[in-house]
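Have a look at the structure below, then the notes.
For the numbers below, each heavy atom of this structure counts, side chains included, while hydrogens, waters and symmetry mates do not. Every chain is numbered from 1 and lettered A, B, ... according to where its sequence line falls, protein lines coming before strand lines.
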Number of protein chains: 2
Amino acid sequence: MVKTSTLQDVARVAKVSTATVSRTLSNPDVVSESTRRRVSEAVKVTGYRINRAARNLRTQRSHSVLVLLPDLANPFFSTILEGISRILSRQGYSMLIASTKQVLDSGDRLTDYLDDARADGMIILDGGLDPDVVEMLENAPQSKRVLFACEWIDGANFPSVRCQNRQGTRTAVDHLYDLGHRKIAHVTGPEGNVLMHTRKDAFVTELGKLNLELKPEWIIAGDFSLAAGCQAAQAWITLDDRPTAVFCASDQLAMGFIAELSRYSFKVPNDVSVMGFDDIDLAEQFIPPLTSIRQDRLMIGETAAKMLMERILAPNEEHSVHAAVLPVSLVVRESTASLN
Amino acid sequence: MVKTSTLQDVARVAKVSTATVSRTLSNPDVVSESTRRRVSEAVKVTGYRINRAARNLRTQRSHSVLVLLPDLANPFFSTILEGISRILSRQGYSMLIASTKQVLDSGDRLTDYLDDARADGMIILDGGLDPDVVEMLENAPQSKRVLFACEWIDGANFPSVRCQNRQGTRTAVDHLYDLGHRKIAHVTGPEGNVLMHTRKDAFVTELGKLNLELKPEWIIAGDFSLAAGCQAAQAWITLDDRPTAVFCASDQLAMGFIAELSRYSFKVPNDVSVMGFDDIDLAEQFIPPLTSIRQDRLMIGETAAKMLMERILAPNEEHSVHAAVLPVSLVVRESTASLN
DNA sequence: ACAAAATATGTAATCGATTGCAAATCGGAG
DNA sequence: CTCCGATTTGCAATCGATTACATATTTTGT
């Protein structure tokens, strides 16, 4: 193993002290032109790479951020990660990834990463944490460096980034209404999930505003997954008085719903209009292409990372934005149609 | 900010030296029963958490592994990450994520993470690296701690984990043959990709073995994406003598292919049988459910992490497995049917 | 030309854990 | 009771960078 060279080596070659080398590297303005050149040259000659472990120890910064997902295997998050990573790497930060399940199952606390200097902050994409875990988070001395994205915790006061869930839901319902639909069902996310409640609530409210009937059985409990969408379809089929349109709380739900319907020879949108939420990549390629509410996952990631970095780099300042709510938009494709 | 307690604090409370505390924590057998108890008590009282930055510096280990993806936004990798993370966290290691594009675009070398003590090893899921980047990797002193998964570099000698690409391709072709198909097309991955070449090559070979005709235009160039699948469908449609079955090098290709066909009112599998490769989650829910070659992404991740950890923890030993080739299996669903 | 201010560099302490070596303690044999 | 080896513990150096403070050097003003 070739030993990599250290600041000392560079200092020796450049005939200056390690302090000067350090300064040259992190704050070039304070050293003279000539030493700056000598040091740069020495760095090149020695092939010096900074040792992050040493710097991290000395500066009390890990220069990395932990992203906590509910479930690593869920592709919904990949674009968000891309957004986060872009911002972080631009600031010289690295991105650590773990799943809340894995961390908690192993008996660790979520804040361990912060406590033991592995991460300077964390972005949590999981609103389904146990209340006692949340309480611990809130009371932790590092709670200032915790931020939620996509989902959030009702009643807690963490900074967060989310999309316009209510507005998106309203837009969806209005779209179906404009197409002539008057009997509209909703397939929800999982019980206890904040997005589920927000969207369901907005759905009910909007139907009320439009003076539409809403039978209790038109709210079908699901959980964002394909499988739940299939089950919801079964439920829809058995209804006496079938709604002519269905607003699903996620694209996956909508796809499962449509897939299952097709097994029973129902046609979308001819027999029923179906909408999703999220506008994942596949929505466009699905058959039929899915009408959905688009949320910009890249921007969610970027915004979250920016907000967190602000808090890490200037922990004592007041930060203008506490909850960033990003716009959504209606994407009309072929899974919804006028009521004929 | 509450300062977290250090080894010193624990030592003071337990009335022993820091050396003893350290030993108690990392190697309990060498300390006496009584001090072990005193130290554990002191740890509890002080709420001590080890400072990883300090340990990393002293031990010259970062206790983390970098996973390099070609593209963070690609959901294909999420399950693999889950597998990697499981193994790593079990060994007290963390998982850093970055994309090769981002790293290289920012002017850094891939080995920087290794050189500057940010990571003890790396798993690369990107076989599309530039030859000069590969050469640099090979000649780096840390090349022993680099491992490829899913894809690999032809001609280079890095340890790797992959699935049975040839066997899978053969199985796919045989399946179509058994259904009576004699004119079979192939939609390939991106030019230059090792998986693309391996699968194409195996495809051609197997057709030869079965004495099947293969017109050059029956090999349609693609790139694993949905969009490429759509284009491939266009190409297929314009053929005079259309193959009755199509083997796509990825599920995404197959989905795009089918989606596009349906826009032109072709029915799958009635008008043409279509197969994918990978068996991603969505394959099952697609309409029609996709016949595919399944690769176990969780196991790919776990195997890769295990192999890398072996090499990190015992760098000088000979390691039994250099290239792990994991089994694939045929999953028959409804996108393929007998030629009638 | 000289004092004061501004700029550039060096010295050495520090971050917090690990570990080689030395010292202390213990147990048992003679 | 003494001595020897084994077991336990402590001392202090170390990993490699950063930075407060001291010192040296240059510039500026009069």
Calculate the interatomic distance between [X] atom [atom1] and [N] atom [atom2]; express it in whole Å.
X       : N      : atom1 : atom2 : value
A:Lys15 : C:dG10 : NZ    : P     : 12 Å
B:Arg61 : D:dG16 : CZ    : P     : 15 Å
A:Arg12 : C:dG10 : CZ    : P     : 14 Å
A:Gln60 : C:dA17 : CD    : C1'   : 13 Å
B:Leu25 : C:dT18 : CG    : P     : 8 Å
A:Asn51 : C:dC15 : CG    : C1'   : 13 Å
A:Asn56 : C:dG16 : CG    : C1'   : 13 Å

Pair [X] + [Y]: basic N to acidic O under 4.0 Å:
X        : Y        : value
B:Arg49  : A:Asp116 : no
B:Arg38  : B:Glu41  : no
A:Glu310 : A:Lys306 : no

Counting side-chain heavy atoms from C-beta on, which of [options] comes nearest to [X]?
X       : options                : result
A:Leu7  : D:dT18, C:dT9, D:dT19  : D:dT18
B:Arg55 : C:dT18, C:dT19, C:dG10 : C:dT18
B:Tyr48 : C:dG16, D:dG10, C:dA17 : C:dA17
A:Arg23 : D:dG16, C:dT9, C:dT18  : C:dT9
A:Leu57 : C:dG16, C:dA12, D:dT9  : C:dG16

Backbone N or O of B:Ala119 within a donor-acceptor pair of the B:Ser64 side chain at under 3.5 Å? no
Can you tell me if B:Asp105 uses its side chain to pair, donor with acceptor, with the backbone of B:Gln102 under 3.5 Å? no
Side-chain donor or acceptor of A:Arg58 under 3.5 Å from a matching atom on the base of C:dT14? yes
Quick one: is A:Ser22 getting a side-chain N or O under 4.0 Å of the D:dT18 phosphate, OP1 or OP2? yes
Comparing nearest nucleotides in DNA chain D, the 5'-proximal residue of the pair A:Gln8, B:Ser17 is B:Ser17
From A:Asp126, A:Leu125, A:Val103, A:Ile123, residue fulfilling side chain to side chain contact (heavy atoms under 4.5 Å, CB included) relative to A:Leu68: A:Val103
Can you confirm whether the side chains of B:Asp120 and B:Ser62 place a donor and an acceptor under 3.5 Å from each other? yes
Mind running a 4.0 Å heavy-atom check of residues 27-40 of chain A against DNA chain D and sending the residues that fall below it, in number order? none
Looking for any heavy atom pair under 4.0 Å, which part of the strands does A:Val16 touch: base, sugar-phosphate only, or nothing? sugar-phosphate
